[in-house]
Amino acid sequence: MHVLKVTYCWGHWNLLILCNMGKSFNNNYSPCMILLDSLIISEPLKAEPTIRRFMKDLYHTQGKMASSRSIGSIPLLLPKVPQQRDGEECGVFTLYYIYLFLKSAPATFSFTSYP
């Protein structure tokens with residue numbers, strides 16, 4: 001199962017894709033997070049603590065207990081994506097990333113097929 005989450009942080013939109021939610025933490029199809037950011041100079045990893053708190057809350061609301069250590073072990077991937085030319089196009093790029101993902105997303109994400 002994949003979950004798309006559009007995030008707005010520090011005046012900037014990006015897309016967080018949660019892959020293989022509900023899978024165990026110990027196989028090739030384990031959970032991972034993919035952050036698509038059209039303004040890499042915005043330092044997307046600044047949002048990592050907030051993303052990890054969100055993940056812990058998500059597991060908790062689903063009645064699943066996940067330790068901070070297991071949440072911390074979920075990889076946060078930052079693939080290279082098309083970049084915007086100014087500070088005002090991030091919303092358009094986020095919608096474009098959603099479109100591309102929905103158009104060609106695999107049913108299950110595997111680290112062996114990660115580009």
Side-chain angles (χ1 to χ4, degrees):
M1 172 172 105
H2 304 303
V3 177
L4 300 177
K5 178 176 182 359
V6 176
T7 62
Y8 182 76
C9 195
W10 301 292
H12 179 64
W13 295 97
N14 54 39
L15 178 64
L16 177 65
I17 303 171
L18 308 176
C19 298
N20 300 330
M21 299 307 297
K23 301 279 185 180
S24 67
F25 286 95
N26 58 6
N27 61 37
N28 192 41
Y29 295 99
S30 63
C32 73
M33 301 175 288
I34 303 172
L35 183 61
L36 304 180
D37 194 329
S38 65
L39 191 62
I40 204 71
I41 62 170
S42 71
E43 301 177 50
L45 287 178
K46 287 191 312 188
E48 185 172 4
T50 303
I51 291 169
R52 299 232 179 247
R53 278 192 305 275
F54 167 74
M55 289 296 295
K56 190 167 186 173
D57 291 345
L58 184 63
Y59 272 89
H60 184 343
T61 58
Q62 293 177 348
K64 299 176 184 174
M65 296 309 294
S67 68
S68 294
R69 173 179 252 165
S70 61
I71 295 295
S73 71
I74 298 173
L76 176 59
L77 309 172
L78 295 166
K80 289 184 180 181
V81 293
Q83 297 289 292
Q84 66 189 68
R85 288 168 270 161
D86 63 26
E88 299 178 7
E89 298 176 333
C90 54
V92 174
F93 275 82
T94 299
L95 292 172
Y96 180 63
Y97 299 152
I98 293 169
Y99 167 76
L100 291 177
F101 182 78
L102 293 176
K103 181 178 164 186
S104 60
T108 305
F109 177 83
S110 166
F111 288 105
T112 57
S113 64
Y114 178 70

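No experiment lies behind these values; they were computed from the predicted model shown. The first residue in the sequence is number 1, and the count goes up from there.
- In this structure, the side chains of Arg53 and Pro49 come closer than 4.5 Å at one or more pairs of heavy atoms.
- Arg52 meets the side-chain contact (heavy atoms from CB on, under 4.5 Å) test with Met33, Glu48, Ile71, Ile74, Leu76; sequence neighbours excluded.
- The nearest pair of heavy atoms linking Asn14 to Asp37 is ND2-OD2, 3.6 Å.
- Looking at Leu18 and Pro31, their side chains never come closer than 4.5 Å, going by heavy atoms from C-beta outward.
- A donor-acceptor pair under 3.5 Å links the side-chain atoms of Tyr97 to the main chain of Pro82, judged by distance alone.
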Side-chain donor-acceptor contacts of residues 84-93 below 3.5 Å, not counting sequence neighbours, with atom names and distances?
{"residue": "Gln84", "atom": "OE1", "partner": "Ser38", "partner atom": "OG", "Å": "2.5"}
{"residue": "Gln84", "atom": "OE1", "partner": "Cys90", "partner atom": "N", "Å": "3.3"}
{"residue": "Gln84", "atom": "NE2", "partner": "Asp86", "partner atom": "O", "Å": "2.3"}
{"residue": "Asp86", "atom": "OD1", "partner": "Glu88", "partner atom": "N", "Å": "2.8"}
{"residue": "Asp86", "atom": "OD1", "partner": "Glu89", "partner atom": "N", "Å": "3.3"}
{"residue": "Glu89", "atom": "OE1", "partner": "Arg85", "partner atom": "N", "Å": "3.3"}

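- Remark: Phe54 CZ to Ile51 CD1 distance equals 9.5 Å, nearest 0.5 Å.
- Here the straight-line distance linking atom CG of Leu15 with atom CD1 of Ile98 works out to 5.0 Å at 0.5 Å rounding.
- Side-chain contact between Leu16 and Ile34: absent, with no pair of heavy atoms (C-beta onward) separated by less than 4.5 Å.
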